[in-house]
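Report on the structure given below.
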Amino acid sequence: MKIATWNVNSIAVRLPQLVDWLKATQPDVVCLQEIKCTDDCFPAQSLSELGYQAVTWGQRTYNGVAILSRGPMVDARRGFPEDPGDAQCRLLDVMIGPVRVINVYVPNGSHVGSEKYVYKLAWLARLRRYFDESCSTNQPLVLCGDFNIAPEPRDVHDPVLWEGRILFSKPEREALRVIGEWGLVDVFRRHHSEPGLFSWWDYRAGAFRRNHGLRIDHLWATPALAGVSNSAEIDRNMRKLDRPSDHAPVIAEFMVNVP
DNA sequence: ATGGTAGATACTCTA
């Protein structure tokens with residue numbers, strides 16, 4: 001199983017890049033974030049022609065998640081069980097063969113101490129509860145997406161500058177650690193230990209050119225599944241294109257067969 | 001300490 005996560009920052013703008021990338025990369029499963037469109041506007045037809053089915057949970061303007069798969073997806077769940085009908089579209093959970101795939105777009109949080117920051121920390125606590133209540137560490141499971149948190153100093157281009165700021169504040173890192181403690185392994189870090197490997201670069205101030213980035217897009221797996229991962233890579237080339245997303249795809253391969 | 005850019009929508013908000 002080759003699985004990828006990519007915050008596309010508008011599926012409407014990024015569709016041509018996504019199509020070319022699917023042809024070149026040939027993943028079995030793709031988790032998308034920030035599709036920024038409602039389900040009826042999602043380009044399912046274009047992706048179906050490439051052999052991908054889509055499960056989507058989108059809204060206008062903001063947020064929105066989707067999972068693409070070559071094989072059938074069953075038991076789709078959208079959001080937390082306690083979510084109201086007008087909840088922000090940030091969590092999609094499906095079964096693909098034996099593997100459970102959970103795609104998240106964690107709230108950005110805006111600024112430390114803001115109302116959105118409080119919402120982000122509460123959302124992360126709910127995610128941990130979601131695992132406690134409806135998942136098992138014995139099942140092959142991947143949690144992936146835009147976590148909007150860099151876990152460690154080596155995931156930040158300038159940890160001193162970023163310490164205490166949004167995406168790298170201690171409470172955010174702690175909330176992420178608590179989710180991992182449920183029983184998930186950072187698959188990327190099984191294969192790469194060095195600093196300077198990022199998945200997101202701000203559009204502003206030439207951040208990509210200077211490699212002023214953060215590693216905030218993650219692929220985590222339950223231990224047995226993580227143990228059969230062959231590779232994990234960040235596809236920086238997608239950030240070099242004209243009109244890029246501010247995020248690059250993260251891809252992992254597991255020695256597991258999916259339909 | 002601030003602003004820089006990009007996307008969607010509609011004359012601003014979010015990231």
Side-chain angles (χ1 to χ4, degrees), chain A residues 5-21 31-43 46 56-66 79 83 86-92 103-124 127 144-151 155-169 171-173 175-176 198-218 234-250:
Chain A
T5 177
W6 189 20
N7 179 325
V8 290
N9 187 16
S10 167
I11 188 69
V13 173
R14 232 62 66 192
L15 182 63
Q17 290 181 14
L18 176 62
V19 166
D20 289 347
W21 182 82
C31 293
L32 302 173
Q33 303 88 36
E34 282 205 272
I35 61 172
K36 295 185 174 180
C37 72
T38 50
D39 295 347
D40 55 310
C41 300
F42 189 83
S46 306
T56 62
W57 193 36
Q59 64 185 87
R60 265 171 54 135
T61 313
Y62 306 117
N63 313 321
V65 281
D83 268 345
D86 62 348
Q88 298 178 17
C89 301
R90 296 182 177 278
L91 187 150
L92 205 46
N103 177 19
V104 292
Y105 174 49
V106 174
N108 171 282
S110 189
H111 296 283
V112 171
S114 68
E115 204 171 293
K116 290 188 170 67
Y117 181 75
V118 172
Y119 179 80
K120 178 181 196 173
L121 294 177
W123 198 93
L124 290 161
L127 183 60
C144 66
D146 176 0
F147 286 51
N148 268 317
I149 302 170
D155 299 313
V156 180
H157 74 90
D158 186 342
V160 173
L161 176 73
W162 279 83
E163 180 63 53
R165 302 170 87 118
I166 199 66
L167 312 181
F168 195 58
S169 71
E172 290 168 90
R173 279 139 65 196
L176 194 57
F198 309 130
S199 65
W200 170 82
W201 300 260
D202 200 299
Y203 282 123
R204 297 165 289 189
F208 182 65
R209 184 172 47 78
R210 303 167 179 208
N211 199 29
H212 287 182
L214 274 68
R215 194 176 69 92
I216 59 175
D217 300 271
H218 305 297
I234 298 170
D235 192 350
R236 292 180 89 258
N237 287 329
M238 296 306 288
R239 189 65 175 78
K240 299 174 183 170
L241 300 176
D242 285 338
R243 291 195 88 186
S245 167
D246 45 350
H247 297 253
V250 185

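Letters go in sequence order (proteins before strands), and every chain restarts at 1.
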Backbone N/O of A/R243 and side chain of A/R14: donor-acceptor pair under 3.5 Å: yes
Does A/C144 reach the side chain of A/V250, with side-chain heavy atoms less than 4.5 Å apart? no
Separation of atom [atom1] in [X] from atom [atom2] in [N], rounded to whole Å:
X	N	atom1	atom2	result
A/Y62	B/dG7	OH	P	15 Å
A/E34	B/dT14	CD	P	13 Å
A/L214	B/dA15	CG	P	16 Å
A/E115	B/dT14	CD	C1'	14 Å
A/I35	B/dA8	CD1	P	12 Å
A/L15	B/dG7	CG	P	14 Å
A/F147	B/dA15	CZ	P	17 Å
A/N108	B/dG7	CG	P	17 Å

Sequence neighbours excluded, the answer for side-chain contact (heavy atoms from CB on, under 4.5 Å) partners of A/D202 is A/W200, A/R204, A/A207
Using the [atom1] atom as the reference point in each nucleotide, state the distance between [N] and [M] in Å, no decimals.
N	M	atom1	result
B/dA1	B/dC13	P	24 Å
B/dT14	B/dT9	C1'	12 Å
B/dA6	B/dA10	P	22 Å
B/dC11	B/dG7	C1'	16 Å

NA contact type, A/Y105, heavy-atom cut-off 4.0 Å: base, sugar-phosphate, or nothing? sugar-phosphate
Residue met sooner reading DNA chain B from 5', once A/R60 and A/P107 are mapped to nucleotides: A/R60
So which protein N/O to nucleotides 1-6 of chain B N/O distances come out below 3.5 Å?
residue: B/dG4; atom: O6; partner: A/R204; partner atom: NH1; Å: 3.0

Under the side chain to side chain donor-acceptor pair (under 3.5 Å) test, residues paired with A/N63 that sit two or more places apart: A/Q59, A/R90
Carefully, step by step, assess A/R165 and A/E172 under the rule salt bridge (charged side-chain N to carboxylate O under 4.0 Å, His left out). CA-CA 10 Å; A/R165 302 170 87 118; A/E172 290 168 90; over 6 Å; no
If I take atom CZ from residue A/R215 and atom CD1 from residue A/I149, how far apart are they, to the nearest 0.5 angstrom? 12.0 Å
Between A/N9 and A/K36, is there a side-chain donor-acceptor contact under 3.5 Å, judged purely by atom types and distance? yes
Side-chain atoms of A/V13 come closest, of B/dA8, B/dT9, B/dT14, to B/dA8
